[in-house]
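Take a look at the structure below.
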Amino acid sequence: MPGVLVVAEQRDGKVKRIAHETLAAARAVADNAGGDVHALVIGPSGTSAEGLGNAGADKVALALDDALALYQGDRYATIVAARAKAGGYAVVLLGSTALGKDLGPRVAARLGCPLANDVTSIVAGAGITVTRPVYSGKAVYTMKISAVPCVVSVRPNVFAPGAFGKAGVHETVAAGSEEPRAKTVQVKEPERAALDVAEASIVVSGGRGLKGPENFHLIEELAAALGGATGASRAVVDAGWRPHAEQVGQTGKTVSPNLYFAVGISGAIQHLAGMRSSKIIVAINKDADAPIFKIADYGIVGDLFEILPKLTEAIKQARGN
Amino acid sequence: MKLAVCIKRVPDTETRIKIAADGKSIEESGVKFVLNPYDEYAVEEALKLKEQAGGGEVVAVSLGGDASQETIRTALAMGADRGVLLKTAARPLDPLEPAKALAAELKDSGYDLILFGKLAIDDYNQAVGTMVAELLGLPSVSSIAHLEIADRKGTAEREIEGGVEVVEFTLPAVLTTDKGLNEPRYPALRGIMMAKKKPLEVKEVQLGGGGVEILELALPPERSGGKIVGEGAGAVPALIDALRNEAKVL
């Protein structure tokens with residue numbers, strides 16, 4: 001089988017963790033079906049592709065140009081589609097990030113092939129079989145993609161990066177020079193750099209039980225002690241207490257962290273759908289009958305205003321910071 | 001200004017999903033269907049842009065079965081001028097197939113802007129809008145939460161991990177809309193009455209099967225949760241112990 005082309009996402013000239021996760025998923029496909037794994041890094045000159053060989057890439061193609069420092073959908077798609085055609089790959093694999101979810105459909109449309117976004121497993125056999133949570137995680141499709149090539153994006157935090165000791169031989173490829181039809185001119189960074197709820201391995205989410213936006217510092221402090229991201233329920237986002245970027249659930253983000261804290265969240269069905277694939281769930285709620293306790297691995301019943309400060313302190317001690 | 005809004009009929013967010021007897025789809029009986037929540041932002045934005053431009057037309061386009069007429073009527077009740085149903089019973093999971101059918105309808109129709117919700121909350125694939133833009137050769141920005149249009153130039157903002165991308169483009173263009181862009185209006189009674197009289201054209205379309213086959217639709221694995229480690233702040237040490245020594249996540 002012809003191999004897998006991995007779009008290895010970078011930000012500010014550094015390859016992201018999701019690139020390593022995507023390479024690990026690609027490695028499993030290639031090792032099962034035969035073929036090589038080639039990584040493609042698109043970014044500004046000076047972007048380091050160090051470590052991508054060990055992460056699973058047999059070869060690393062670099063398309064570098066300072067005009068590609070920010071994500072330019074049109075130019076990125078032109079580069080990826082050209083590489084995909086030239087290499088005759090069976091699968092083009094991306095991370096299901098803001099970039100991947102925009103780039104994947106562009107590439108699939110240009111290649112005239114199917115796309116499966118946000119998969120949680122990918123297996124090569126007769127065709128490619130993937131699983132995709134749908135209805136925001138209330139159900140899971142198992143789908144067989146028979147078309148060659150196909151474009152697939154993998155959900156963050158699902159595939160563990162590995163050490164494969166591959167050569168990762170570097171090669172420079174054309175970065176093109178087209179003027180993008182839609183041009184990214186700037187990335188506005190927030191005043192405090194926040195870890196994204198969809199990419200974080202630990203998420204602490206707060207709900208209506210916090211009683212007001214002024215109390216969310218309790219959530220932020222616990223998240224900071226854990227090195228995690230802050231999340232929110234739909235109720236508090238709709239009430240304007242927290243930004244939509246933090247919303248977990250059916251009209252927000254679907255997350256799969258290693259550890260998820262639901263604090264003052266009763267567990268509406270659309271919220272549960274968005275976080276039920278977390279590996280470990282902890283619920284803190286004053287109502288012992290709250291639905292959240294039915295899916296939580298560990299629960300504490302009680303007043304979050306008493307529990308959270310103690311918990312944050314204990315986490316700091318446990319982690320030695 | 002001529003605007004198209006592409007909308008989809010989906011199960012309401014509060015739906016409890018049951019798997020149908022075929023093991024490949026959901027049991028639809030008893031399910032309440034609604035206009036896809038992200039598409040409401042697209043409809044609202046189109047109506048606002050038409051109002052700002054002081055005239056024009058907003059066309060609501062949907063792909064689906066006859067029941068999707070009801071979804072189009074919702075957009076008409078919000079204020080869209082007319083509807084087009086691309087009628088098909090097929091529901092291929094390969095997003096390129098619906099994208100091709102929509103692109104064929106939208107091509108050469110003189111739209112200044114084509115709007116989609118950023119994703120449909122049933123299939124969750126987040127692909128069709130951006131694919132249509134590519135098939136039509138138009139600039140596109142996905143998942144926008146802010147938009148300004150002046151002199152046939154647009155600036156849109158989209159959320160990325162830990163930041164916001166600012167993207168400039170010229171019309172005509174394709175945009176997909178995220179929560180936060182606007183507050184969708186509720187259809188007023190007068191709008192609902194008027195919607196019944198607005199034109200809704202039904203066109204039969206043939207979709208290809210695509211390159212994706214559904215093997216199974218299943219409920220996610222049950223979680224065997226429900227362990228209460230204790231009550232109140234006194235339970236914190238027991239929780240830390242469980243997370244560290246049993247779950248090994250600390």
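Quantities reported herein were computed from a predicted structural model and do not represent experimental measurements. Convention: sequence-line order gives letters A, B, ...; per-chain numbering from 1.
Residue A/Ile281 touches chain B through both its backbone and its side chain, counting heavy-atom pairs closer than 4.5 Å. The parts of A/Leu115 that come within reach of chain B are both its backbone and its side chain, each placing non-hydrogen atoms under 4.5 angstrom from that chain. No part of B/Leu119 comes within reach of chain A, as not one of its non-hydrogen atoms sits under 4.5 angstrom from that chain. Heavy-atom distances place the side chain of B/Leu239, and not its backbone, under 4.5 Å from chain A. Contact annotation for A/Lys286: neither backbone nor side-chain heavy atoms come within less than 4.5 Å of a heavy atom of chain B. Proximity to chain B is absent for every atom of A/Asp118, based on heavy atoms less than 4.5 angstrom apart.
Under the 4.0 Å criterion applied to side-chain N and carboxylate O atoms, A/Arg106 and B/Glu134 are assigned as salt-bridge partners. Note on B/Glu165 versus A/Lys188: no salt bridge recorded, every NZ/NE/NH1/NH2 to OD/OE distance being 4.0 Å or above. Taking a cutoff of 4.0 Å between a charged side-chain nitrogen and a carboxylate oxygen, B/Lys118 and A/Asp102 do not qualify as a salt bridge. Using a cut-off of 4.0 Å between Lys/Arg side-chain N and Asp/Glu carboxylate O, A/Arg234 and B/Glu14 are scored as salt-bridged.
Neither side chain, B/Thr170 nor A/Arg181, offers a donor N or O lying under 3.5 Å from an acceptor on the other.
Checked by atom type and distance alone, the side chain of A/Lys101 never pairs as donor or acceptor with a backbone atom of B/Ala127 at under 3.5 Å. Of the possible polar contacts, one joining the B/Arg223 side chain to the A/Arg276 backbone as a donor-acceptor pair under 3.5 Å is found.
Chain A is approached within less than 4.5 Å, heavy atom to heavy atom, by B/Leu93, B/Asp94, B/Pro95, B/Leu96 from residues 93-102 of chain B, ordered by number.
Atoms CG and CZ, from A/Asp74 and B/Phe169 in turn, are 12.5 Å apart once rounded to the nearest 0.5 Å.
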Under the criterion side chain to side chain contact (heavy atoms under 4.5 Å, CB included), I'd like the reasoning laid out for A/Thr129 against B/Leu215: C-alpha separation, chi angles, the key distance, then a yes or no. CA-CA 9 Å; A/Thr129 303; B/Leu215 300 180; 4.0 Å; yes
